[in-house]
Amino acid sequence: MSLKATINYSPSFNTKKRPKKRIKFLIFHYTGMRREKRAIQRLTNIQSEVASHYLIKNNGKIVIFVPDLYVAWHAGISVWKKYNFLNEHSIGIEISNPGHQFGYKKFSSIQINSLIKLTKFLIKKYKINKRNILGHSDVAPLRKKDPGEKFPWEYLAKKKVGYWHNLSKSKLIKVRNKKCNKILKNKFYTYLFKIGYSKKYKKLNHKCVIKAFQRRFRPQLVNGIIDQECLLISKNLA
Ligand SMILES: [Zn+2]
């Protein structure tokens with residue numbers, strides 16, 4: 001299988017090549033800029049020191065900035081499970097979208113179809129585990145919101161990109177906004193750590209990790225409050 005893409009190399013990567021087996025994660029981002037053209041300039045500019053491996057443009061076309069076997073600078077300071085600094089172990093994929101700051105919009109089906117093609121290609125090539133397909137906000141929840149609650153994780157899971165819970169929507173909606181006591185909240189965190197989120201965010205007593213979880217797995221309501229729906233979903237996924 002080959003991939004149809006155009007090449008526009010970025011200087012923002014480590015010059016030392018990594019072995020193929022070190023690639024274990026795919027990390028999704030949105031570009032978070034008003035204009036796609038500016039986003040491409042930023043991702044290929046030497047001063048910006050940021051680049052992903054791939055970009056999915058608004059028209060669905062794929063651009064390669066950095067070849068897979070080089071570490072691109074896309075995730076920054078990041079943690080997931082026992083992994084620190086995810087850049088070393090991941091391939092970064094940007095999807096064109098203005099993001100929360102500039103009028104966050106729905107990802108188009110042409111973008112998502114293209115993303116599915118690209119990720120299936122990479123999953124096969126590097127034998128990526130479905131649980132290792134992550135959003136930037138999962139690995140850096142204090143700093144990042146991307147790809148955000150409009151990113152169609154559930155749909156992607158149906159297409160075998162990533163994973164989702166198997167709970168019924170009618171069951172879940174009944175417990176949305178139902179309060180959790182301290183014991184249940186602690187349980188939620190236990191599940192969260194099992195899923196892969198870093199323990200340090202609980203210690204910081206920060207809502208960001210709850211929001212990151214919600215953006216990812218309960219996108220209908222991102223409020224940073226642990227309710228019984230969050231608890232059920234996290235238990236199902238852990
Ligand atoms: Zn990002």
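Order of appearance sets the numbers: ligands from 1, and atoms from 1 within every ligand.
Across all non-hydrogen atoms, the minimal contact from Leu43 to Ser52 is CD2-N, 4.1 Å.
At a cut-off of 2.8 Å, Glu94 does not coordinate the Zn ion (ligand 1) through any N, O or S atom.
Of all N/O/S atoms in His136, ND1 sits nearest the Zn ion (ligand 1). Within His29, ND1 is the N, O or S atom that lies nearest to the Zn ion (ligand 1). The minimum distance between the Zn ion (ligand 1) and any N, O or S atom of Asp146 involves atom OD2.
A donor-acceptor pair shorter than 3.5 Å can be found between the side chains of Ser96 and Glu36. Donor-acceptor pairing under 3.5 Å is lacking for the side chains of Asn97 and Lys150.
Look at Arg218 and Glu229 and you find a salt bridge, because one of the NZ, NE, NH1 or NH2 atoms lies within 4.0 Å of a carboxylate O, short of that distance.
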